[in-house]
Each structure stands twice: as C-alpha cells, then as structure tokens.
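Before I ask anything, here is the structure I am working with.
As the structure lists them, so they are numbered: ligands from 1, and atoms in each ligand from 1.
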Amino acid sequence: MKMTVIGYWGAYPEVESATSCYLLEQNGFKVVIDLGSGALSRLQQYTSLDEIDAVILSHFHHDHVADLGSFQYFCLVNQQLNGKKNNVPIYAANDGETNFDLLNHVATKGEAYQVGEDLTIGPFTFSFLKTKHPKTCYAMRITNGENSLVYTADTAFFPELIGFTKGVDLLIAESSFYQGMDGSKAGHMTSEECGRVAREASVGELWLTHLPHFGEQQSLVTEAKSLFTGEIKLAHEGLTWSTGE
Ligand SMILES: [Zn+2]
Ligand SMILES: [Zn+2]
C-alpha cells in the first residue's frame, strides 16, 4: 500500500503544483483521490494516466475536481486511440446534487458511495464520514486489510473525526489555518486541531495538507507538534508513505 501526494494546496495551485490530489497504489492497482486544479499534469510525473483504475472524489469544490473534465477527455481519447473498452469508474456521493451526473461521460461512469456502507475498490476498502464543510464532503478511511489511513478531505474540527480516525497508520489532515485562528466558519481545520485529532486517535504519522497561501507553512508542523509527538510531515508533491506490498 503506497500513498503519494500529487496536489496539496487549498483553493488554487501555485506555480508547477496542484490542489488536492493523491495517488493510492497496491500491486499495480491505482486509485486517484480527488482531482484538483493542476493535478492531471502533475500526476503524470508519477503514473501514466492509462494505468488509473479508479477515481474517488471527496466533494465537488473546484480545488478537488477542477481537472475531472480533462481526465474524462483523456479517457475518451484513450478509448478512441487505443481501443480501451472499460469505462473508468469515478466514485462520489450522490447527494441529489446535479454534480454527480457529471461523472457519467463517454468513457467514465459515476459510482455512488454512502456513509455506513464499505466500498471495495480493487485491494482497498473505503468507509466514509460526512464532514463539517459548506459543500457536502466526506472523509475517507482506507484499508488494505493490514494497514489503514484516513484522508480528512475538507472539514472543520468535529469530535467524530477522532473516532473515525482511531488507530490508523497515517492521517492526512487538512490544515488550512494556523494555530489560534478559527477555521470553523469556513469549514476548515487549524494545525492545532490536526495535532489534536492525531493525538487523540493515536495515529502512526500525520501529514498536513490543503495548505494555505499565507504565512510560513512549515510552522504548521511546529504548531501541530505541540499536541502530537509522533512523526509530522508537511505535504509536498511526491511525498510518499508505503508499507510492504
Ligand atoms: Zn478544498
Ligand atoms: Zn471544499
């Protein structure tokens, strides 16, 4: 099981980088989690787009889905040029918003996930928790049966996040704000809140992501360290976590 950061900015990408996007792999099976702005280009530093088996989306804010349409065009061109027959599944919650319909395209198909139902994608099992965010959004807990990780997606702090994250090997937490700020109205967490979730859930390692475009991002790590004494890393493109495959 291998997790690689592709995009890590909140809101918009800075030069030669991308907003939310992560590549999850095991034994050659590849799942892309969120497809933010700039992600499709950066992703090709790490995989051929042709090798992507599935995409899963946390929510429909632009910094998580901006490159979805371009990915669907890739799938279409790939079918036409290379005769690939299977439509690529794109998983998201179907909350009655018209956004879900966008997932069905010539060479992609929308697949719905739900809170309370485990979802199997290749070697991975996903479970979901609705987060506190202005647009309906889901955190994901992912396991391969041996190891596990949680991706918070976008959310303000709420206590249920701790139980959902309990004991995972890796927590990828959004840290859109710095210590002492209030992210709750915007539906985002601070570095301190990420540290608190990591500590109270006893996670193995904490990554801070969905980074702000102001301040010294490295201080997010220092701030989270005041609450969580385990390994903390600031997300950057190519940051990788892996267990024996
Ligand atoms: Zn976001
Ligand atoms: Zn969002």
Side-chain angles (χ1 to χ4, degrees), residues 3-15 17-24 31-43 55-71 90-100 102-103 112-113 115 126 128-142 149-158 160-161 164-165 170-178 181-194 197 206-215 217 220 224 233-237 239:
M3 187 67 159
T4 305
V5 174
I6 305 297
Y8 54 91
W9 291 110
Y12 64 92
E14 297 200 359
V15 65
S17 54
T19 63
S20 302
C21 183
Y22 305 86
L23 177 61
L24 178 67
V31 183
V32 171
I33 302 172
D34 284 344
L35 260 177
S37 177
L40 205 59
S41 175
R42 304 315 302 175
L43 197 49
V55 173
I56 187 164
L57 304 173
S58 62
H59 67 308
F60 284 93
H61 270 152
H62 297 301
D63 54 333
H64 299 253
V65 297
D67 277 5
L68 175 63
S70 295
F71 177 69
I90 302 177
Y91 296 86
N94 188 355
D95 292 301
E97 295 187 41
T98 52
N99 284 320
F100 187 83
L102 299 172
L103 307 182
Y113 64 68
V115 167
F126 286 69
F128 304 93
L129 178 69
K130 190 174 182 177
T131 70
K132 303 283 183 216
H133 197 58
K135 203 165 191 70
T136 307
C137 178
Y138 295 87
M140 305 172 191
R141 183 173 175 127
I142 308 160
L149 66 90
V150 159
Y151 167 52
T152 65
D154 285 9
T155 187
F157 173 81
F158 63 115
E160 290 82 359
L161 199 51
F164 184 71
T165 302
L170 174 66
L171 168 60
I172 303 173
E174 75 115 296
S175 180
S176 300
F177 290 102
Y178 293 87
M181 298 179 79
D182 179 8
S184 62
K185 283 192 191 66
H188 292 296
M189 290 200 287
T190 67
S191 51
E192 266 182 318
E193 289 166 330
C194 295
V197 176
L206 169 64
W207 289 0
L208 302 175
T209 193
H210 202 273
L211 302 181
H213 296 273
F214 58 93
Q217 289 93 357
L220 297 167
K233 290 175 180 160
L234 193 67
H236 59 83
E237 184 184 308
L239 176 62

Between Ser37 (side chain) and Tyr12 (backbone), is there a donor-acceptor pair under 3.5 Å? no

Cys137 near the Zn ion (ligand 2): N/O/S under 2.8 Å: no

His133 NE2 and His61 ND1 subtending at the Zn ion (ligand 2) (10° steps): 90°

Can you name the N/O/S atom of Asp63 that is nearest the Zn ion (ligand 1)? OD2

What N, O or S atom of Asp154 is found closest to the Zn ion (ligand 1)? OD2

To the nearest 10 degrees, calculate the angle at the Zn ion (ligand 1) involving NE2 of His210 and NE2 of His64. 110°

Could you tell me if Asp154 and His61 have a donor-acceptor pair between their side chains, going purely by distance under 3.5 Å? no

Can you classify the ring geometry of Phe128 versus Tyr138 as parallel (below 30°), tilted (30 to 60°) or perpendicular (above 60°)? perpendicular

Just by distance, no angles: are the side chains of Ser176 and Glu174 close enough, under 3.5 Å, to form a donor-acceptor pair? yes

Of the options Trp9, Tyr22, Tyr151, which is the one that meets Thr209 in a side chain to side chain donor-acceptor pair (under 3.5 Å)? Tyr22

